[in-house]
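Heads up: the structure comes next, in structure tokens.
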Amino acid sequence: MVTKPQQAPSHWDREADVVVIGSGATGMPAAIVAREAGASVIVVEAQPHIGGHAITSGGNLPLGGGTSYQKKYGIEDSSELFFRDLTDWSVVENNGFPPYRYNDREIIRAFVDNSVATFEFLLAHGVKVIDRPPNSIGHEIGVSVPRTMQIDVGDWPMVHTGKPADPRDPEIRAGAGLIRPLEAAARKAGVEILLEHRMTAIHREAPRSGRVTGIVVDHNGAARNIRARRAAIVATGGSTGNVNFRRMFDPRLTEEYCGLAGMPWSDQDASGELAAMDIGAALWGLFNYTGEFGSGITKPGAIGCQYGYVNVRWHPGSTIFAKARAIGLSVKDWQNVILVNMLGRRFYDETANHFGYSTYLSVNPYEPHNYLNAKNAKYNPSNFINAALAGIGDGHNGGGPIWAIFDAEAVRREQWQPTPPHVDREAGFFFSADSLEELARNIAMKYQRVPMPPQTLDDTVARYNSFVDAGKDADFGRPQLRYKVIRPPFYAAWATPVLHDTRAGLRINARCQVIDMNGAVIPGLYCGGESAGGFSMHGLPRAICQGFIAGKHAAAENSNG
Ligand SMILES: Cc1cc2nc3c(=O)[nH]c(=O)nc-3n(C[C@H](O)[C@H](O)[C@H](O)COP(=O)(O)OP(=O)(O)OC[C@H]3O[C@@H](n4cnc5c(N)ncnc54)[C@H](O)[C@@H]3O)c2cc1C
């Protein structure tokens, strides 16, 4: 909740040269760079722990333009090539969406010119990458050369298990290998980190003019004023967790999309965007918010729990397991379930995936900035997400819950344990019954806005079973039909799409200074990462790099005291 900005607080509770709001991929580099440039730095973090989405991340790190690892493995790259790639209007995904067309040239130029230095900064501050050739994992990193390195999590405990990684574990979350070394470097340099300090407003000399002078934070219900003598940096991680904010861009994203990737470790509540807009900031590059590319909205990877993002299982060893409530059932093979909407009807081929994304070699052959790229694109769109969000035709904008329906045989094949802590029965994300009709009657939770008609679910399953007998899905063309749904007990597990990235936010310039609605710099205010606009790219690289840029320029501001 953003409170109204106060122009001139009667007193400052704390002060520093630079105040960084958020301790994730943008905030930590920003804090270190500003501190090492001689500024005193306070980081405020809303959560009781640091790291934001960055610490939950897989640690794929696509920074390019000629990094030491690219050179070591003979990959020729340059900032010019990187710039050309990230502004190539002619590249389209397999659904026709252009990932780079609406990128702001000034912001991309700043990113490519600082990409190598950002990578070397990470290495110099204790972050390790696995020594192997850069690869093509990572989204929207250009199609000319491989650029992605993998952060080495080492012995750092991972936040989803509470334990160090087992190298055989397919679910390694390497984000701890990014954030923990940066935290150590920041503390060693003298950065102060204030946990459970949620920024609620930004102070400016006048509501729409003058310098930013500090921020208001909420700490255990008490408001405190923190003065930023030189600058404040918004590093709050985006807005897809704020239902009203995200619906400005896509009205379909109603409240049932309640299991964001990275939650419940941290949220993307738009607090940075809203506080900056309250003092006049503009938004930017809004096409990228709704562009159907990359992992903006994903199928869940685990079902039967609220937080089922494809690559994260929250385990009881995690410090936040009480908030996550269940591990979820990891789906190895979507042939073991059918997916139905609130009315118990199938809506798409369950084995289909979410949107595609552009990366090295995803357009091949590739002619930079040539219309032939679009002409030669191999169209193979999956409309799974759009079909899930389409809903039941009752006038509601969002698609409502999607349920995975399966039987006892599926449980055996997948080796699932349909009991807590694997599933969340108590909060209504998992149900079971001895008949399909009873199962439909049991499904009751706050987002199931109409009851599922028992006969419809029965008919849907019977029709699907007849497709398995016939070897052909006459409704949705699902390939290789393998298993019928016949043996009780029957189960219904939450399988609603998951929101992931925020790809548009505050308008910034090449220095990461926030720009107002008249195109003027708001003095003393910076922003980077998922709360910044103008740059369509998934994940860590733009956030870390913009933190690096913002920290440098924020520290060089003249004091407003
Ligand atoms: C599960 C998962 C896996 C991912 N894997 C990868 C990957 O392998 N490679 C990749 O490149 N990217 C990956 N990403 C994306 C990447 O982690 C994010 O894009 C990146 O962390 C964004 O950085 P940020 O600084 O904008 O936000 P964050 O890292 O989320 O940091 C924002 C911080 O601000 C805090 N905050 C928010 N509001 C306030 C407030 N009002 N006051 C104080 N603090 C506030 C939040 O609590 C949070 O700690 C992944 C993301 C997730 C969720």
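All ligand and atom numbering here is 1-based and tracks the order in the structure. Quick note: residue numbers are just sequence positions, from 1.
- In summary, the atoms of ligand 1 found under 4.0 Å from a heavy atom of P541, numbered by their order in the structure, are 11 (O).
- Evaluated by nearest non-hydrogen atom to atom 1 (C) of ligand 1, the leading choice among V312, T502, T236 is V312.
- For atom 19 (O) of ligand 1, the nearest non-hydrogen atom from the set E530, H53, R542 belongs to E530.
- Checking P29, P48, A54 against atom 21 (O) of ligand 1, the nearest heavy atom belongs to A54.
- The atoms of ligand 1 that sit less than 4.0 Å from any heavy atom of V44 are 43 (C), 44 (N).
- Comparing S57, G237, A235, S271 by heavy-atom distance to atom 40 (C) of ligand 1, the nearest is S271.
- Assignment of I21 to the shell around ligand 1 is supported, since a heavy atom sits closer than 4.0 Å.
- Ligand-side atoms of ligand 1 in range of G262: 53 (C), range being under 4.0 angstrom from any heavy atom.
- By the 4.0 Å N-to-carboxylate-O rule, E106 lies too far from R109 to be salt-bridged with it.
- Each of N242, D250, V243 was evaluated against R246; a single residue qualifies, V243, per the side chain to side chain contact (heavy atoms under 4.5 Å, CB included) test.
- Between R507 and D104 there is no salt bridge, since none of the side-chain N atoms of the basic residue sits less than 4.0 Å from a carboxylate O of the acidic one.
- Of the candidates C527, G58, G59, the one placing a heavy atom closest to atom 5 (N) of ligand 1 is G58.
- For ligand 1, the polar-atom distance check against R173 finds no nitrogen or oxygen pair separated by under 3.5 Å.
- Remark: ligand 1 atoms within the under-4.0 Å shell around heavy atoms of G529 are 26 (O).
- Note: F287 and Y102 have tilted aromatic rings, judged against thresholds of 30 and 60 degrees for the angle between ring planes.
- For the ligand labelled ligand 1, residue G238 lies outside the 4.0 Å heavy-atom shell.
- Between F535 and F111, the distance separating the two ring centers is shorter than 6.0 angstrom.
- Paired with E557 under the rule salt bridge (charged side-chain N to carboxylate O under 4.0 Å, His left out), one option of R230, R211, K552 passes, and it is R211.
- Contact analysis leaves Q268 out of contact with ligand 1, as no non-hydrogen atom separation drops below 4.0 angstrom.
- In this model, no donor atom of one side chain and acceptor atom of the other lie less than 3.5 Å apart for N60 and T148.
- None of H53, H160, H500, H354 except one satisfies the ring-ring contact (aromatic ring centres under 6.0 Å, His included) rule with Y309; the exception is H500.
- For ligand 1 and A261, the ligand atoms under 4.0 Å from any heavy atom of the residue are 53 (C).
- Close contacts of ligand 1 with R198, meaning ligand atoms under 4.0 Å from a residue heavy atom, involve 41 (N), 42 (N).
- In this structure, a donor-acceptor pair under 3.5 Å is present between the side chains of S531 and E273.
- Not one N or O of S531 is nearer than 3.5 Å to an N or O of ligand 1, by distance alone.
- Using a 4.0 Å cut-off to heavy atoms of Q47, the atoms of ligand 1 that qualify are 47 (O).
- Between L61 and ligand 1, not a single N/O pair is under 3.5 Å apart.
- Between R198 and D269 there is a salt bridge, since a side-chain N of the basic residue sits under 4.0 Å from a carboxylate O of the acidic one.
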